[in-house]
Amino acid sequence: MPELPEVETMCRGLRPIVGCRIEKVIRPKISVKPIRFQPEAERFCRELTGQRVDRIERRGKRVIVVLENGYVVFQPKMTGLVSLTDPPDPDHIRMKWLLGAVEKESEHQVSSGSIEVFFWDRRGLGTLSFWTAEQLEQHLGEGKLGPDALSISVDQMCERFRKTQRAVKVALLDQKLLAGVGNLYASEILHRIEVDPRTPCHRLKVVQWERLHQAMRDILEEAIRYEGSTLSDGTYRNALNQSGGYQNHHQVYDREGEVCRKCGKASIERIVQAQRATFFCPTCQRRAGKRG
DNA sequence: CATATGTCCTGAGAGC
DNA sequence: TGCTCTCAGGACATAT
């Protein structure tokens, strides 16, 4: 499930294509249902062909390839992957680019010859869009997508979260409030600051939002250094087709019944919030007011 | 407006 | 061995 660190890793892996021209856009024939393209697939491919890649950006959990004339937005959702090497299997390649060599001198210059970019998605919930600058803001601008988790300030966070009565774990997943945190990292963040995931946002104090903000940054940055988390399904890989490393550092996610690494006593519990699994330590993350 | 639920999609794994 | 069933969860659509 690519969240901010995994998507950031994909973006970094794409840097070698900056300056290259998209010579061919291919949609391999596959037996599974096609993913959603916007505009529809044939026009999408036509629009991209011949364009030069200017830069790579990320907004929350989306990869944005900025072309000389338009923006390609890839939403990996659950199992999507962008890579420069062979993806996990050939049966779920949703799109492929053949790139020409770079035109100008650049710090990311690659040797001549062809580069391939693979858009792969096993479950096919992901989407690919090609938008103008105006459409990009329409779809991903303020009001649609909250501030990115790595650039939001503490004050912004307090302001956006303190109004809601929803459980803090559930609110962290709301991309309109905050972009980039998903189910895995939300549990990890709350464990680090020892807050019960069921606590309503409006009950958290300013100092706790400060801790949450700091822990969020720390954990996301650590995870980026490890190039994300590859879960047991093995789906997620970095651009060079290697597993991430952060799964070995998870404190609670997918550790139901195992001993908490912080207190060394309690075993990690799994509950369901808003139809999603939440993992936490019942000892370290006691509800406020019940401590002692 | 705020919040909750249903839907999309495939493959892995459980259970019989 | 092979079948059926459940589950994983991001983002959007629809309902309350």
Side-chain angles (χ1 to χ4, degrees), chain A residues 1-8 10 28 30-38 41 58-64 73-82 87-95 119-129 131 135-136 138-146 148-149 159-190 197-203 220 223 228-237 247 250 252-257 270-279:
Chain A
M1 66 192 87
E3 302 181 27
L4 187 151
E6 291 76 25
V7 176
E8 177 63 26
M10 290 181 207
I30 50 179
S31 55
V32 289
K33 199 177 170 191
I35 62 166
R36 224 181 82 217
F37 281 81
Q38 211 177 6
R58 179 187 59 73
R59 282 202 205 180
K61 303 175 198 172
R62 290 163 167 92
V63 177
I64 303 179
V73 179
F74 180 53
Q75 240 185 328
K77 293 207 181 165
M78 294 299 297
T79 50
L81 202 54
V82 188
D89 69 54
D91 309 320
H92 302 82
I93 298 173
R94 310 301 180 144
M95 184 176 62
F119 295 82
W120 181 91
D121 189 346
R122 176 173 283 148
R123 284 173 56 186
L125 297 177
T127 63
L128 276 159
S129 310
W131 285 327
Q135 291 172 316
L136 184 76
Q138 249 170 44
H139 287 95
L140 302 183
E142 277 187 50
K144 290 285 188 170
L145 202 61
D148 193 85
E159 197 202 315
R160 300 179 78 88
F161 281 81
R162 293 190 79 195
K163 299 170 196 162
T164 179
Q165 308 195 39
R166 281 182 292 172
V168 58
K169 155 66 164 47
V170 176
L172 282 172
L173 300 183
D174 185 341
Q175 303 298 298
K176 286 193 188 70
L177 289 177
L178 172 76
V181 173
N183 203 47
L184 190 162
Y185 293 101
S187 283
E188 293 295 323
I189 291 163
L190 292 172
R198 294 162 293 196
T199 314
C201 285
H202 70 284
R203 296 241 186 275
L220 294 177
S229 302
T230 297
L231 303 183
S232 52
D233 71 357
T235 287
Y236 165 76
R237 330 289 291 174
Q247 65 280 4
H250 294 171
V252 289
Y253 186 80
D254 210 15
R255 295 194 66 240
E256 183 184 17
R270 179 191 190 273
I271 58 173
V272 173
Q273 294 181 282
Q275 272 100 268
R276 271 114 183 102
T278 300
F279 300 87

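This structure is a prediction, so every number in the text was calculated from the model and none was measured. The sequence lines fix the lettering, A, B, ..., with proteins before strands; numbering per chain opens at 1.
For the P atom pair drawn from B:dG6 and C:dT6, the interatomic distance equals 15 Å after rounding to whole Å. A distance of about 15 Å separates the P atoms of B:dC9 and C:dT14, rounded to the whole Å.
Ion pairing between a basic and an acidic side chain is recognised when a charged N comes within 4.0 Å of a carboxylate O; A:Asp148 and A:Arg58 show such pairing.
For B:dG11, the base has no donor-acceptor partner in the side chain of A:Arg123 [N/O atoms by modelled type, under 3.5 angstrom].
Counting non-hydrogen atoms under 4.0 angstrom, A:Thr79 reaches nothing in the nucleic acid. Backbone-only contact: A:Lys61 has heavy atoms under 4.0 Å from sugar-phosphate atoms and none from a base. At a threshold of 4.0 angstrom between heavy atoms, the contacts of A:Ala277 are confined to the sugar-phosphate backbone, with no base atom among them. Using a 4.0 Å heavy-atom cutoff across all strands shown, A:Tyr253 reaches sugar-phosphate atoms only and no base atom. Heavy atoms of A:Arg36 sit nowhere under 4.0 angstrom from any nucleic acid atom.
A heavy-atom distance below 4.5 Å is not found between the side chains of A:Thr127 and A:Gln38. A:Phe37 places a side-chain heavy atom less than 4.5 Å from the side chain of A:Met95.
A:Arg122 has no side-chain polar atom (N or O) that falls below the 4.0 Å cut-off from OP1 or OP2 of B:dT10. For A:Thr164 and B:dT3, the shortest distance from a side-chain N or O to OP1 or OP2 is below 4.0 Å. Side-chain nitrogen and oxygen atoms of A:His92 include at least one within less than 4.0 Å of the OP1 or OP2 phosphate oxygen of B:dG11.
Of the two residues near DNA chain B, A:Asp91 and A:Lys77, the one whose nearest nucleotide lies more 5' is A:Lys77.
Among the nucleotides B:dA4, B:dG6, C:dG10, the one closest to any side-chain atom of A:Leu125 is C:dG10.
Relative ring orientation between A:Trp120 and A:His92 is described as perpendicular, the plane-to-plane angle rising above 60° on a 0-90° scale split at 30° and 60°.
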